[in-house]
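Working notes, structure below.
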Amino acid sequence: MMLALIYDVIIHISYYMGGYILEKLIITGMTPLKGEVSISGAKNAAVAILPATLLINGICTIENLPNISDVKLYCDILETLGAKITWLSTHEITVDTRNITSIKAPLDTTRKFRASYYLIGSLLGRCKEAQVGIPGGCNLGNRPIDQHIKGFEALGATVEVAAGDIRAKAKNLVGASIYMDVVSVGATINIMLASVLAEGTTIIDNAAKEPHIVDLANFLNTMGADIRGAGTDMIKIKGVKELKGNATYSIVPDQIEAGTFMCAAIASKGDIIINNCITKHLESIIAKIEEIGGNVDANGDHLRVWYTKRPTKANIKTLPYPGFPTDLQPQMGVVLATAQGTSIINESIWESRFQYTSELNNMGAKITAQGKTAIFEGVDCLIGAPVTATDLRAGAALIIAGISAKGRTEVYNLSHIDRGYENIEEKFRKLGAKIERVKE
Ligand code: EPZ
């Protein structure tokens, strides 16, 4: 009761301070999810492909765009830079980038999400100059961009960070061999973007291999680029004079959204068919779900996940692809919170990705988190409570926790969730969840 009161006070203060309509999700738990769900286009591919359109001196069509706020935000930014965007449907646009008039992307938009830093690579690639506000995004601890800068400098650019902006400039961009000191999705993508129109060949060594990197390379190659080896740890980009575009590209299904529903099937003791996914991208999650006693039947572009008995304990270490993805760690944490025995999660990518565990402990879980390690002592079940999403994937995990818990759960801070999940409550409702979004 006291907790709900405190939440209400906070909500109202931020309402008057923020001046925006506040929403929360109300979930009545103990509902085994049943039925079919279809996966949307991948957020982390879409937020790389949209800025990549700046490299095209022409028009392109993008299909299977997820209907999420990060995509809307990116389209707004592209239009301020001079692009013309036509929405053909909720998931399909044409982008005309023949007339780019600015190289400045203001801080007030770029700080709302991380992927805004891809504007540096694209504008540098096209205009040899970029001025982009420092990126924002999920608070997962320290998020340096030294490898991005290393790559841009190797191609011949100068980069300075001043007054809230990242400014990059180059007379010419010339291909180079770049060894990544850490496996970084963002730096791999940004260097790809900056080298597509550069003179000569660029080699990215120790590159990240995530599905969205392959999807970006396929998009750029469809538009006229010459990129080989995406998906391996060595990517070769032969610079071309121009990307003409004049083609259509469909974005890959979201690996992390599919994994989120796989965890929800087990945590809720349910039985779900997940359509429009690429099961190859889900191998590490399938293996972990089978290891804890869940059932998976994978078939090309769909899979069935179903519960038969209480999961057993397991240890997880998050790793770059094809290892277990860090973006599924919180959702899997909910499954392990009610598993039989004690599990350990090692978060090797981010310094601070266990904030959600204190919310789960408010729901009766027994989790001890310290730095990059958390110990989950499995409890019989979670109890509904008011909880707050601290970032995108933590938000998805709290929804799963609410669906599987006893009683009523209220989830706050939905703007985090809307950044990366399309109509999440509607998709869960179609699977039988008792979930509704209400305005405060
Ligand atoms: C991307 O972030 C994703 N974001 C993240 O997903 C995801 O968690 C992450 O990759 C890892 O898979 C997008 O694609 C928009 P990194 P990014 O560069 O690119 C260190 C979500 O929920 N590093 O691969 O920022 C860094 O500190 C989001 O969808 C450097 O040291 O991640 C981290 O420890 C959250 N220097 C590691 O590398 C650098 O210059 C991996 O970071 C860059 C990174």
Side-chain angles (χ1 to χ4, degrees), residues 40-52 66 68-71 73-74 110 112-121 134-154 159 161 166 178-193 204 206-216 233 251-252 254-260 281 284 317-332 346-353 355-356 371-372 389-397 416-422 424:
S40 302
K43 169 189 85 93
N44 290 343
V47 295
I49 286 172
L50 286 168
I68 56 176
S69 59
D70 274 13
V71 163
L73 203 50
Y74 236 127
T110 59
K112 290 187 179 148
F113 64 136
R114 192 92 202 144
S116 55
Y117 56 19
Y118 295 143
L119 291 163
I120 309 167
I134 295 206
C138 296
N139 172 14
L140 306 171
N142 191 18
R143 298 186 80 171
I145 57 166
D146 56 301
Q147 296 299 302
H148 300 240
I149 295 174
K150 174 180 173 177
F152 297 145
E153 290 176 344
V159 184
V161 181
I166 302 164
I178 303 159
Y179 182 83
M180 312 297 290
D181 304 321
V182 286
V183 175
S184 158
V185 170
T188 301
I189 286 179
N190 241 335
I191 296 167
M192 275 166 70
L193 293 169
I204 306 177
N206 196 26
K209 300 183 272 219
E210 270 68 5
H212 26 288
I213 289 172
V214 178
D215 207 39
L216 173 68
D233 53 16
I251 290 181
V252 74
D254 198 316
Q255 173 209 24
I256 303 299
E257 187 193 11
T260 300
H281 295 164
S284 64
K317 181 168 184 170
T318 63
L319 290 165
Y321 188 86
F324 191 90
T326 171
D327 295 346
L328 275 176
Q329 185 259 94
Q331 301 91 316
M332 204 61 189
N346 276 304
E347 172 54 60
S348 79
I349 310 284
W350 298 114
E351 286 168 356
S352 155
R353 192 159 219 177
Q355 297 158 61
Y356 71 96
K372 292 184 148 186
T390 44
D391 60 71
L392 166 62
R393 308 304 172 181
H416 282 303
I417 301 168
D418 294 338
R419 283 194 41 227
Y421 288 94
E422 174 173 338
I424 194 164

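Every number for a ligand or one of its atoms is a count from 1 in the order of the listing. All heavy atoms count here, side chains included; hydrogens, waters and symmetry mates do not. One-based numbering along the sequence shown. All figures in this text were calculated on a predicted structure; none of them were measured in a lab.
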Might you point out which heavy atoms bring [X] and [Y] nearest each other, and give the distance in Å?
{"X": "Tyr118", "Y": "Ala48", "value": "CD1-CA, 3.8 Å"}
{"X": "Ile68", "Y": "Gly420", "value": "CG2-C, 3.7 Å"}
{"X": "Ser284", "Y": "Pro325", "value": "OG-CD, 3.6 Å"}
{"X": "Ser40", "Y": "Glu422", "value": "OG-OE1, 3.2 Å"}
{"X": "Ala46", "Y": "Pro51", "value": "O-CD, 4.4 Å"}
{"X": "Ala45", "Y": "Val252", "value": "CB-CG1, 4.2 Å"}

Ligand 1 versus [X], non-hydrogen atoms closer than 4.0 Å: side chain, backbone, both, neither?
{"X": "Glu351", "value": "neither"}
{"X": "Ile349", "value": "both"}
{"X": "Asp146", "value": "both"}
{"X": "Trp350", "value": "side chain"}
{"X": "Asp327", "value": "side chain"}
{"X": "Gln329", "value": "neither"}

Interfacing atoms of ligand 1 (cut-off 4.0 Å, heavy-atom, [X]):
{"X": "Val182", "answer": "23 (N), 30 (C), 31 (O), 38 (O)"}
{"X": "Tyr117", "answer": "17 (P), 19 (O), 25 (O)"}
{"X": "His148", "answer": "40 (O)"}
{"X": "Arg353", "answer": "8 (O), 22 (O), 35 (C)"}
{"X": "Gly186", "answer": "18 (O), 19 (O)"}
{"X": "Asn142", "answer": "27 (O)"}

Looking only at protein heavy atoms, which one is nearest to [atom], and how far off is it?
{"atom": "atom 22 (O) of ligand 1", "result": "Arg393 NE, 2.8 Å"}
{"atom": "atom 11 (C) of ligand 1", "result": "Thr326 CG2, 3.9 Å"}
{"atom": "atom 3 (C) of ligand 1", "result": "Asn44 ND2, 3.9 Å"}
{"atom": "atom 40 (O) of ligand 1", "result": "Gln147 N, 2.7 Å"}
{"atom": "atom 18 (O) of ligand 1", "result": "Ser184 OG, 2.7 Å"}
{"atom": "atom 24 (O) of ligand 1", "result": "Val185 N, 2.7 Å"}

side-chain hydrogen bond (donor to acceptor under 3.5 Å, both in side chains) partner of Arg353, chosen from Thr326, Thr390, Asn139: Thr326
Option set Ala187, Ala396, Cys138, Pro144, criterion heavy-atom distance to atom 43 (C) of ligand 1, minimum: Pro144
Option nearest atom 2 (O) of ligand 1 (shortest heavy-atom distance, choices Arg143, Arg114, Lys43): Arg143
Parallel, tilted or perpendicular: ring planes of Phe113 versus Tyr74, cut at 30 and 60 degrees: perpendicular
Is there a heavy atom of [X] sitting under 4.0 angstrom from any atom of ligand 1?
{"X": "Ile256", "result": "no"}
{"X": "Glu347", "result": "no"}
{"X": "Leu140", "result": "yes"}

Has [X] got a side-chain atom pairing as donor or acceptor with [Y]'s backbone, closer than 3.5 angstrom?
{"X": "Glu210", "Y": "Ile213", "value": "no"}
{"X": "Arg419", "Y": "Gly137", "value": "no"}
{"X": "Glu351", "Y": "Asn142", "value": "yes"}
{"X": "Asn190", "Y": "Ile120", "value": "no"}

Point-to-point distance, once rounded to the nearest 0.5 Å, from OH of Tyr421 to NE2 of His416: 13.5 Å
Polar contact flag for Ala115 and ligand 1 (N/O pairs, less than 3.5 Å): no
Within 6.0 angstrom of Lys150 NZ, more than 12 heavy atoms from elsewhere: yes
